[in-house]
There are 2 protein chains.
Amino acid sequence: MTAPAPARPRARRGEGDRLREDILAAAERLLLDTGRESALSVRAIADAVGVSPPSIYLHFADRDELVLAVCERHFQAFEECLLAAIQGVADPVQRIRRMSEAYIRFGLEHPEPYRIMFMGSPVDGAEEFSQEKLAAACGFDHVLAAVQEAIDAGRFRIDDAFLGATLLWSTVHGVTSLLIAKPWFPWPEPEVHLAAALDLCERGLLRLDQPQKPEKAKKTTKAKRP
Amino acid sequence: MTAPAPARPRARRGEGDRLREDILAAAERLLLDTGRESALSVRAIADAVGVSPPSIYLHFADRDELVLAVCERHFQAFEECLLAAIQGVADPVQRIRRMSEAYIRFGLEHPEPYRIMFMGSPVDGAEEFSQEKLAAACGFDHVLAAVQEAIDAGRFRIDDAFLGATLLWSTVHGVTSLLIAKPWFPWPEPEVHLAAALDLCERGLLRLDQPQKPEKAKKTTKAKRP
DNA sequence: TGTACATCAGTGAACGCGCGTTCACTGATGTAC
DNA sequence: TGTACATCAGTGAACGCGCGTTCACTGATGTAC
């Protein structure tokens, strides 16, 4: 499983920085392969690159800095993926759907990065991953903009765009993270699941002809199902 | 932070099993205090109980068995908490609300157990925490029953109770787990957040007078907001 | 009532392991004179 | 064109640490005779 060591040739004079890239790439691959952040040990990464452990310290102050750099890459990749999904889509509600689909897809394709970014402990590196960075990575600002646009166009019931974006994020994250955390649960097919979740967001569960405060009128109208 | 050692008196002849309980209790407290599963080392637990590390092995085969036992306790506590919340509530939609509120409350009050139970890696102890146990713990069956009841009463748009219960779980888990994972994000107040999420589930985002497939009619009707 | 003995509830010391990190070094390579 | 030298890109060996786990043991206590 852990390849012994490919033995990396020494870089030429001015090209020392290439090792930094190689380390990050190896760490990224290691994370995807093993699926556990704990697999990112300095020794394992050095092995994967084909270099001795102390070499890591030529480019990173300590292990934390390395892991943060790996995460930062994933954050960027995530944001790019989301942005690509809404390229040229004018309709705000449609943009929200596209971003949500891209969000889940990214999460399922990169479960470990997703886990570290959005399901990990807030303690490690909380300072580094500031609110703005996180908001950017998960496309929050773009969802917020789309929600505001939909509200302005009179498409949404709610009038608080920030709350709406938060709810959408919660919903999509809920589906994504449960699929990642409990893969053996008998979930619906991912597409069905996501489509249903988005439909839930858009249209809700209750019948349109029902009273909206059900506790006031218990089981009075037994509407027959279509 | 880590209290050195309270020094536990040796149990009397037939009461060896009391140590097992003490170990579990100490581990539970340790988990709540530190907020990290990695804090549950055999040595740390032994220290907290006031006993030597090998004593742990009188009652647990290895560390994994211990951690699983701790989790099992939390699973039970969670289920009891959810059941208590719907005690005597007849209306199914109301039951769903009550369970959701209890779910989030439990999650926020016991973030680390919640993290381990529902946000952790599926690898460790996946066999032990079978689908049925998980479903029981998170009250899935009770939500499922409530959804089915609501469907039978003609209260819900959907007709697939399992899908509905899954969506509710996803939604509530989404809010809970994001609050736990990203506590420094400028979330709405938890009650507002949850209420909005449940309202979202029930009634959706879109205006009721809007076409349901917005991609077919882009920005045609600029309904003015109330 | 006295005593030998089995059992119970633990303990002390040590094992091997992988970890992050440090330190003094090495050998190739470009550059100044 | 030749050579001394600074610099660059790393390496080998070792440090101390905390971990899970094992092993032989100890001392109190109940029980059989």
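Per chain, numbering begins at 1; letters A, B, ... match sequence-line order. Computed from heavy atoms alone, side chains included, the values below leave out hydrogens, waters and symmetry copies. Just so you know, these numbers come straight off a predicted model, no measurement behind them.
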>> Strictly by Watson-Crick or wobble contacts shorter than 3.5 Å, is anything paired with D/dA32, and which nucleotide is it?
In response: C/dT3
>> In whole Å, I'd like the distance from the CG atom of A/Leu19 to the P atom of D/dC8.
In response: 15 Å
> Heavy atoms under 4.0 Å, any strand shown: does B/Arg18 hit a base, just sugar-phosphate, or nothing?
Replying inline: nothing
>> Applying a 4.0 Å non-hydrogen cut-off, can you work out what A/Arg20 is touching in the nucleic acid: base, sugar-phosphate, or nothing?
In response: nothing
> Can you check the A/Arg8 CZ to C/dA28 C1' distance for me, whole Å?
Replying inline: 15 Å
> Any donor-acceptor pair under 3.5 Å linking the side chain of A/Arg98 with the backbone of A/Leu82?
Replying inline: no
>> Reading DNA chain D from 5' onward, which residue's closest nucleotide shows up sooner: B/Asp62 or A/Glu15?
In response: A/Glu15
> Angle class for the A/Phe140/B/Phe185 ring planes (parallel below 30°, perpendicular above 60°, tilted otherwise)?
Replying inline: perpendicular
> Which of these nucleotides, D/dG20, C/dC19, D/dG10, is closest to any side-chain atom of B/Ser41?
Replying inline: D/dG20
> Side chains of A/Ser177 and B/His173: do they bring a donor and an acceptor to under 3.5 Å?
Replying inline: yes
> If you check every side-chain atom of A/Val51, which of D/dT11, C/dC19, D/dG20 has the closest atom?
Replying inline: D/dT11
> Quick one: B/Ile23 CD1 to C/dA9 P, roughly how many Å, whole number?
Replying inline: 13 Å
>> How many whole angstroms separate atom CG of A/Asp64 from atom C1' of C/dG20?
In response: 10 Å
>> Does the structure show a Watson-Crick or G-U wobble partner for D/dC15, both distances under 3.5 Å? Name it, or say none.
In response: C/dG20
> Checking all strands, does A/Arg63 fall into the base, sugar-phosphate, or nothing category for heavy-atom contacts under 4.0 angstrom?
Replying inline: sugar-phosphate
> When we call it a touch if two heavy atoms are under 4.0 Å apart, what does B/Ser55 touch: a base, just sugar-phosphate, or nothing?
Replying inline: base
> Do B/Trp187 side-chain atoms and B/Lys182 backbone N/O form a donor-acceptor pair below 3.5 Å?
Replying inline: yes
> In terms of side-chain heavy atoms of B/Pro54, which of C/dA13, D/dG20, C/dT21 is nearest?
Replying inline: C/dA13
> Where each residue is assigned the nucleotide of DNA chain C containing its nearest heavy atom, which of B/Gly14 and B/Arg43 is assigned the position nearer the 5′ end?
Replying inline: B/Gly14
>> By nearest atom, which of the nucleotides C/dT21, D/dG10, D/dG20 is closest to the A/Arg10 side chain?
In response: D/dG10
> Across all strands, who's sitting opposite C/dC25 as a Watson-Crick or G-U wobble pair, both distances under 3.5 Å?
Replying inline: D/dG10
> Below 3.5 Å, does any donor atom in the side chain of A/Arg12 face an acceptor in the base of C/dT29, or the other way round?
Replying inline: no
>> At 4.0 Å (heavy atoms only), tell me whether B/Arg13 reaches a base, stays on the sugar-phosphate, or touches nothing.
In response: base
>> What's B/Ser52 touching, base or sugar-phosphate or nothing? Going by heavy atoms closer than 4.0 Å.
In response: base
> With distance as the sole test, does A/Arg95 use its side chain to make a donor-acceptor pair with the main-chain N or O of A/Val147 at under 3.5 Å?
Replying inline: no
